[in-house]
Amino acid sequence: MKPGKTVSLLWGLRSFCASHGCRYCYFGTVAEHSVQMPTQLGVLSHLSPNDLTTEQVLAFAGTLADSPVGRVFLAGGEPLLWRPIIKLIEILKTDGLEVVVCTSGVALNRADLCDQLIELGVDAVSVSLDSADPVHNDQWRPPRREGDGWKAVVSGISALLEARGPAPRPKVGIYSVITARNLTDIIAVPELAVALGCDYAVPQPIALDPGHKLVKALSLTPEHAPELRQHFDELYAAELPLVLPERAYARQVASAVTKPTDLVPGCFGGDTLFFVQPDGTVWDCPSGLKIAATAPERHRTIKDTAARDLFPAPTGCGADCSLFSVDCVNMWPLTGFPVLSPTGAEVHRA
Ligand SMILES: C[S@@+](CC[C@H](N)C(=O)[O-])C[C@H]1O[C@@H](n2cnc3c(N)ncnc32)[C@H](O)[C@@H]1O
Ligand code: SF4
């Protein structure tokens, strides 16, 4: 990032996801929310009627240049199925921001879309794929349309890599959700990423509310910690030609599954990282625990607001947070985002 532009935003652009119906998704499931919509502020739903308008999204984007925000992660729902994303990326790139698109990957099978992402200068594309095993992946990340499962995601990754060719950007990586049922994918998915020619891989632990119906089936518990450590050790020892999260992240993942909460002195949340939801609300961190603990006077929105009024210049040391958990450990690889910040990264690629 450029000097003075040290804040990152994780921006959930749209609530709806026409791509997949992932059973553990942070946005809940359409089936459950068709019966009962969550009403609490900060709780996401694919069926939310409160997403900002395109005009509101683009107006806010136009204010980012005059703020400390230097990197924006565009997520969802599924951002690549929302057509105005192209105009949004154009604004962000024209204003010199780094843009990382987080996608289910199916839309990358459109050659015109890959070409646009490359021409616009998108810096990285993170594609979600949970497993090297298509059956496991499609069981927990079922596509909404037949034919949009594991195979289509892998072909989308390959299509983007082929369209990019030897150009340095966008970097292309795979994010995989690690649960009690696919611990070996901590290494198997990065190996697949190498075989496909990707630049980075990030295994991320599943985070579910204690009341979620899949907690028993999928959540990582203290009993999984030794196996988690072992697979992360194997991953780093393999020295794959790939950028991985820093090693400290692996230790944090194991620690997050052993203790429900812990203290983080000087957390980046609310200092160098913020989370924006599709309805425009701004949070210091996407953790449900942190959102629930946010005082009403700190409830903010990007609606009709300029970025410089929301994000002051970071101090480099945020407030202490006692809510470190499996719900926020996934934010660590976003803060440095080693594939775009080579110093201090676990870069094994020559
Ligand atoms: C909410 S999705 C939005 C972007 C896009 N639709 C996608 O799937 O990549 C962002 C990331 O969060 C991950 N994710 C969703 N629910 C999760 C959960 N309960 N725990 C951990 N990761 C989760 C997804 O697999 C994906 O990598
Ligand atoms: S593709 Fe992304 S947004 Fe859609 S259901 Fe899966 S994790 Fe959620």
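FYI, side chains are in, hydrogens and waters are out, and symmetry mates aren't considered; it's all heavy atoms of this structure. Numbering of ligands and ligand atoms starts at 1, following listing order.
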Parallel, tilted or perpendicular: which describes the rings of H46 and F27, with under 30° parallel and over 60° perpendicular?
parallel
Pairs under 3.5 Å, N/O atoms on ligand 1 and on the protein: can you put them in a table with the distances?
residue  : atom   : partner : partner atom : Å
ligand 1 : 6 (N)  : G77     : O            : 2.9
ligand 1 : 6 (N)  : E78     : OE1          : 3.2
ligand 1 : 8 (O)  : R141    : NH2          : 3.1
ligand 1 : 9 (O)  : T103    : O            : 3.3
ligand 1 : 9 (O)  : S128    : OG           : 2.6
ligand 1 : 16 (N) : Y26     : N            : 3.1
ligand 1 : 19 (N) : Y24     : O            : 2.8
ligand 1 : 19 (N) : A207    : O            : 2.8
ligand 1 : 20 (N) : A207    : N            : 3.0
ligand 1 : 22 (N) : Y26     : OH           : 3.2
ligand 1 : 25 (O) : R141    : NH1          : 3.0
ligand 1 : 27 (O) : S128    : OG           : 2.7
ligand 1 : 27 (O) : Q204    : NE2          : 2.9

For T315 and D271, what are the C-alpha separation, side-chain angles and deciding distance, and is it a side-chain hydrogen bond (donor to acceptor under 3.5 Å, both in side chains)?
CA-CA 7 Å; T315 61; D271 189 49; 3.3 Å; yes
How are the rings of Y236 and F232 set relative to one another: parallel (under 30°), tilted (30 to 60°) or perpendicular (over 60°)?
parallel
How about atom 8 (Fe) of ligand 2, which protein N, O or S atoms come within less than 2.8 Å?
C25 SG
Restricting to side chain to side chain donor-acceptor pair (under 3.5 Å), what partner residues turn up for Y26, sequence neighbours left out?
N330
Under the side-chain contact (heavy atoms from CB on, under 4.5 Å) test against P170, which residue among V122, L120, V339, V99 passes?
V122
State whether the number of non-hydrogen atoms from other residues, nucleotides or ligands found under 6.0 Å of K93 atom NZ is greater than 12.
yes
Min side-chain heavy-atom separation L9-L273 under 4.5 Å
no
min-distance protein heavy atom vs atom 2 (Fe) of ligand 2 -> R141 NH2, 4.2 Å
Give the intermediate values and the outcome of side-chain hydrogen bond (donor to acceptor under 3.5 Å, both in side chains) for residues D327 and S325.
CA-CA 5 Å; D327 204 6; S325 72; 4.9 Å; no
Tell me, please, which residues at least two apart from R141 pass side chain to side chain donor-acceptor pair (under 3.5 Å).
Y24
